[in-house]
A.B. asks: 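Supplied in structure tokens, the structure appears directly below.
Predicted, not measured: the structure shown is a model, and the values here were computed from it. Below, each value reflects all heavy atoms present in this structure, side chains not excepted, and no hydrogens, waters or symmetry copies. Letters A, B, ... mirror the listed sequences (proteins, then strands); counts begin at 1.
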Amino acid sequence: MTIRLYDSKSAQLREFVPLVAGQVGMYVCGPTVQSSPHIGHLRSALVYDHLRRWLTHEGFAVTLVRNVTDIDDKVLENARAAGVEQWWALAYRMEREFTDAYSALRIQPPTYEPRATACIPDMIELVRLLMKRGHAYAIPGSNGNVYFDTASWSSYGELTNQTVMVMPQIEQLDDGAPGKRDPRDFALWKAHKPEEPESASWDTSWGRGRPGWHIECSAMATKYLGTTFDIHGGGLDLRFPHHENELAQSAAAGHDFAQLWLHNGLVAVGDQKMSKSLGNSLYAAQLLESARAIVVRYFLGSAHYRSQLEFHPTALAEAKSAFERIETFLARAARVGGPLKSGKVTNEFRDAMNDDMSIPTALAALHDTVRSGNALFDAGNDKGGLTNARTALAMLDVLGLNPYAPEWAGTSSEGAATRAALDSLVTRLLASRAHAREQKDFVTSDRIRDDFASAGIIVEDTPQGAHWSIDGE
RNA sequence: GGUGGAUUGGCCGAGAGGCGAGGCAGCGGCCUGCAAAGCCGUCCACACCGGUUCGAAUCCGGUAUCCACCUCCA
């Protein structure tokens with residue numbers, strides 16, 4: 001049994017072989033906490049949550065590091081634009097929004113979540129190493145601008161197959177960066193500017209300043225996972241320049257770095273990538289108001305991770321119908337067999353997950369299990385139906401979609417008490433409805449059902465009697 | 001211009017040189033007092049033009065359209 005994953009760097013499916021048997025070191029580019037999380041951030045985080053869960057399910061000890069970039073041009077810019085909030089306050093406020101959104105979707109916390117600002121010494125050390133090895137240079141008289149010397153690194157461009165870099169407007173690029181030797185050179189360290197807060201700068205031997213964009217990921221990945229590790233993940237839009245530069249500076253520092261580069265597809269709204277300038281951003285908060293979190297999670301996982309995922313107006317409603325089909329089956333099984341325990345996933349499911357995490361195919365296996373499970377119950381084969389339910393639960397566990405798992409359990413004791421009180425009342429009314437039905441008094445029985453419906457309670461008759469559920473739960 | 005990717009049935013979305021993924025929506029049937037849920041059936045698709053092949057939606061060549069990155073982006 002092997003797991004195959006698509007490696008962006010070699011542009012092919014590769015068998016996953018961990019550096020250390022049974023262990024996986026995985027670095028995922030987290031957000032720059034400059035503004036609120038949107039649907040794309042959630043999808044990306046979910047992709048690596050799926051991978052982490054699957055690897056764990058297959059017996060690997062996974063160390064997942066996902067960074068928080070809390071010092072960056074945009075963070076300073078957005079804080080300055082708002083004018084009333086310190087940059088570090090903005091960053092932390094946004095970080096908490098991200099954490100909340102991830103939690104809502106039951107994206108498991110990473111093993112560790114380093115902040116860039118907490119790893120400044122590691123970045124300084126890396127820049128120093130690159131200068132020492134002749135792959136970085138400080139701009140004389142700039143009081144701290146340091147650039148990566150791409151001309152000194154012949155492999156530059158290896159990640160994205162960029163052999164010749166055409167830079168048509170040199171003057172524009174040089175505008176904010178006088179002294180750069182090559183337009184491709186990128187900032188490792190940015191000299192402190194008088195208009196920027198003193199708190200956003202750190203002392204170094206080449207001048208006071210702050211880190212450039214890419215250096216934080218190289219430093220944090222290496223700090224926590226070592227100079228070589230198994231998997232590096234991130235959004236497709238980060239491939240260039242971010243990951244290209246990250247790879248260049250790490251490799252030039254003498255590190256083997258990531259063995260496998262994974263890139264997840266983006267979310268499109270109306271065939272286009274979501275972006276602020278188009279005004280089609282869909283924020284996590286809006287998404288979570290539009291549907292139950294578990295339905296959002298189902299939706300975001302419904303396309304292959306490398307495909308672009310289309311968000312369209314009825315997408316969540318469709319996901320809701322599809323997911324509730326599964327939930328209805330589980331509820332049916334629970335009525336027959338009591339609380340259910342997870343069994344084992346099917347071979348079809350396992351093969352799909354091993355094949356570059358083909359979750360759409362895995363979902364097909366899940367739906368097949370649900371359909372045949374329903375058919376077994378219909379045929380009176382409760383034992384068979386329950387087996388299918390346990391199998392379905394195992395698959396749902398892997399996908400983080402098991403509604404009975406502790407991670408999705410309601411934690412409020414008040415909720416449980418309310419539920420019990422409601423159940424007592426509903427059960428009593430259902431008894432009188434059953435009596436009316438026995439008397440063929442369908443006017444009364446339908447009125448009771450309609451009353452429930454208008455209260456958001458759905459009543460369904462089965463051979464074993466009526467049962468109720470709350471709509472949308 | 002450079003580098004990648006895509007084009008599948010009403011919609012979403014997999015897969016793949018011959019054996020109809022899956023979901024949603026629709027339609028028909030079974031079940032039901034009526035519903036709901038469920039099951040069965042139905043809707044037999046793969047941009048276009050050539051080529052290879054016994055056979056192509058799947059491989060090759062070309063065309064068209066679209067998307068992403070090359071500036072900050074998950």
Side-chain angles (χ1 to χ4, degrees), chain A residues 8 11 28-32 34-35 37-48 72-74 77 98 157 159-169 172-173 184 213 233-244 263-268 271-277 281 298-299 302-304 306-315 317-326 328-329 331-332 348 352 355 358-368 370-379 437-438 440-442 445-446 449-450 453 458-463 466-467 469:
Chain A
S8 297
V28 173
C29 272
T32 299
Q34 48 150 319
S35 53
H38 57 61
I39 184 173
H41 294 116
L42 297 183
R43 194 222 182 163
S44 182
L46 179 61
V47 162
Y48 303 104
D72 161 90
D73 292 356
K74 286 280 184 181
E77 221 172 85
F98 272 87
L159 182 70
T160 54
N161 196 22
Q162 309 279 330
T163 46
V164 180
M165 216 71 73
V166 182
M167 294 290 182
Q169 287 162 317
Q172 195 182 22
L173 285 157
R184 297 174 299 174
W213 179 25
L236 193 56
D237 50 352
L238 294 179
R239 231 160 63 96
F240 192 92
H242 183 54
H243 290 161
E244 187 70 71
H263 287 97
N264 60 276
L266 308 179
V267 178
D271 276 348
Q272 279 179 312
K273 183 189 134 178
M274 216 175 34
S275 77
K276 280 175 192 167
S277 56
S281 291
Y298 180 93
F299 164 69
S302 61
H304 184 88
R306 285 194 284 123
S307 297
Q308 178 166 287
L309 174 67
E310 297 284 334
F311 182 83
H312 53 102
T314 57
E318 285 167 21
K320 178 176 185 283
S321 297
F323 187 69
E324 285 180 355
R325 175 180 166 72
I326 297 165
T328 301
F329 169 65
R332 181 182 192 180
E348 289 75 15
D355 181 17
S358 299
I359 289 180
T361 305
L363 284 176
L366 170 60
H367 279 287
D368 282 343
V370 169
R371 185 189 39 71
S372 67
N374 271 318
L376 288 166
F377 280 130
D378 282 356
R437 291 183 72 210
E438 276 167 23
K440 308 279 185 206
D441 179 5
F442 298 121
S445 69
D446 287 354
R449 188 169 62 191
D450 289 345
I458 295 168
V459 172
E460 294 170 309
D461 295 316
T462 75
H467 79 269
S469 57

A.B. asks: Can you tell me the distance, in whole Å, between the CG atom of A:D461 and the C1' atom of B:G33?
C.D. replies: 10 Å
A.B. asks: Kindly indicate whether the side chain of A:N161 and the base of B:G2 share any N or O donor-acceptor pair separated by less than 3.5 Å?
C.D. replies: no
A.B. asks: Given B:A74, B:G13, B:G38, which nucleotide is nearest the side-chain atoms of A:A303?
C.D. replies: B:G13
A.B. asks: A:D450 has an atom CG; how far is it from atom P of B:A36, in whole Å?
C.D. replies: 13 Å
A.B. asks: Represent RNA chain B in dot-bracket notation, 5' to 3'. Only Watson-Crick or G-U wobble pairs with both distances under 3.5 Å count; pseudoknot-style crossings use [ ] and interstrand partners use |.
C.D. replies: (((((((..(((.....[...))).(((((.......)))))....(((((..]....))))))))))))....
A.B. asks: How many whole angstroms separate atom CG of A:N374 from atom P of B:C31?
C.D. replies: 18 Å
A.B. asks: Start at the 5' end of RNA chain B and walk down; is the nucleotide closest to A:T160 or to A:P241 reached first?
C.D. replies: A:T160
A.B. asks: Let me know the distance between CZ of A:F311 and C1' of B:C11, rounded to the nearest Å.
C.D. replies: 14 Å
A.B. asks: Taking it one step at a time, do A:C29 and A:H243 satisfy side-chain contact (heavy atoms from CB on, under 4.5 Å)?
C.D. replies: CA-CA 9 Å; A:C29 272; A:H243 290 161; 3.3 Å; yes
A.B. asks: Between the side chain of A:N264 and the main-chain N/O of A:G235, is any donor-acceptor distance below 3.5 Å?
C.D. replies: yes
A.B. asks: Under the side-chain contact (heavy atoms from CB on, under 4.5 Å) rule, what do A:L309 and A:S302 come out as? Steps first, then yes or no, please.
C.D. replies: CA-CA 8 Å; A:L309 174 67; A:S302 61; 4.2 Å; yes
A.B. asks: For nucleotides B:A6 and B:G29, find the distance between their C1' atoms and express it as a whole number of Å.
C.D. replies: 40 Å
A.B. asks: Scan A:A315 against the nucleic acid and name what it touches under 4.0 Å (heavy atoms): base, sugar-phosphate only, or nothing.
C.D. replies: nothing
A.B. asks: In whole angstrom, give me the gap between the C1' atoms of B:C66 and B:A36.
C.D. replies: 42 Å
A.B. asks: Between A:A375 and A:R306, who's closer to the 5' end of RNA chain B by nearest nucleotide?
C.D. replies: A:R306
A.B. asks: Using modelled atom types and a 3.5 Å cut-off, is there a donor and acceptor pairing between side-chain atoms of A:T328 and backbone atoms of A:E324?
C.D. replies: yes
A.B. asks: Does any N or O in the side chain of A:H367 come within less than 3.5 Å of the main-chain N or O of A:A364, such that one atom is a donor and the other an acceptor?
C.D. replies: no
A.B. asks: Do nucleotides 17-30 of chain B as a string where each nucleotide becomes B, S or -: B if the base has a protein heavy atom under 4.0 Å, S if just the sugar-phosphate does, - if no protein is that close.
C.D. replies: ----BSBSS-----
A.B. asks: Say we look at B:U7 and B:U58: how far apart would their C1' atoms be, to the nearest angstrom?
C.D. replies: 14 Å
A.B. asks: Looking only at N and O atoms, is any donor in the side chain of A:R449 or the base of B:A35 less than 3.5 Å from an acceptor on the other one?
C.D. replies: yes
A.B. asks: Considering only B:U3, B:G33, B:C12, which nucleotide approaches the side chain of A:F442 most closely?
C.D. replies: B:G33
A.B. asks: Mind checking A:V459 for me? I need base, sugar-phosphate or nothing, with any heavy atom below 4.0 Å counting as a touch.
C.D. replies: base
A.B. asks: Could you tell me how far B:G20 sits from B:C60 if I compare only their C1' atoms? Round to whole Å.
C.D. replies: 26 Å
A.B. asks: Assess, by modelled atom type and distance only, whether the side chains of A:H263 and A:S8 contain a donor and an acceptor separated by less than 3.5 Å.
C.D. replies: yes
A.B. asks: Partners of A:T361 by side chain to side chain donor-acceptor pair (under 3.5 Å), sequence neighbours excluded?
C.D. replies: none
A.B. asks: Using the P atom in both, what is the distance from B:G15 to B:A21, to the nearest Å?
C.D. replies: 13 Å
A.B. asks: How far, in whole Å, is B:A57 from B:A14 if one measures between their C1' atoms?
C.D. replies: 14 Å
A.B. asks: Tell me: CZ of A:F329 to C1' of B:A37, nearest whole Å?
C.D. replies: 13 Å
A.B. asks: Atom CZ of A:F377 to atom P of B:A37: distance rounded to whole Å?
C.D. replies: 18 Å
A.B. asks: A:I326 has an atom CD1; how far is it from atom P of B:G38, in whole Å?
C.D. replies: 11 Å
A.B. asks: If we take the P atom in both B:U52 and B:U71, what is their distance in whole Å?
C.D. replies: 45 Å
A.B. asks: So does A:G265 get a backbone contact from the side chain of A:R43, meaning a donor-acceptor N/O pair under 3.5 Å?
C.D. replies: yes
A.B. asks: Of all residues at least two apart in sequence or in a different chain, which pass the side chain to side chain donor-acceptor pair (under 3.5 Å) check with A:R239?
C.D. replies: none
A.B. asks: Could you state the atom-to-atom distance from CG of A:L236 to C1' of B:C67 in whole Å?
C.D. replies: 10 Å
A.B. asks: Could you tell me how far B:U65 sits from B:U8 if I compare only their C1' atoms? Round to whole Å.
C.D. replies: 16 Å
A.B. asks: Could you check A:E77 against A:Q34 for side-chain contact (heavy atoms from CB on, under 4.5 Å), going step by step and ending with a plain yes or no?
C.D. replies: CA-CA 9 Å; A:E77 221 172 85; A:Q34 48 150 319; over 6 Å; no
A.B. asks: Answer yes or no: does a side-chain N or O of A:N264 lie under 4.0 Å from OP1 or OP2 of B:A74?
C.D. replies: no
A.B. asks: Heavy atoms only, 4.0 Å cut-off, all strands: where does A:H312 land among base, sugar-phosphate and nothing?
C.D. replies: sugar-phosphate
A.B. asks: Between B:C67, B:A74, B:A36, spot the one nearest the side chain of A:Q308, thanks.
C.D. replies: B:C67
A.B. asks: Under 4.0 Å between a side-chain N/O of A:S307 and OP1 or OP2 of B:A14, yes or no?
C.D. replies: yes
A.B. asks: Using a 4.0 Å heavy-atom cut-off, does A:G235 contact any base of the nucleic acid, only the sugar-phosphate backbone, or nothing at all?
C.D. replies: sugar-phosphate
A.B. asks: Taking side chain to side chain contact (heavy atoms under 4.5 Å, CB included) as the test, write out the residues that go with A:D378, two or more places apart.
C.D. replies: A:R332
A.B. asks: For A:R325, enumerate each residue passing the salt bridge (Lys or Arg N to Asp or Glu O under 4.0 Å) test, keeping only those at least two apart in sequence or located in another chain.
C.D. replies: none
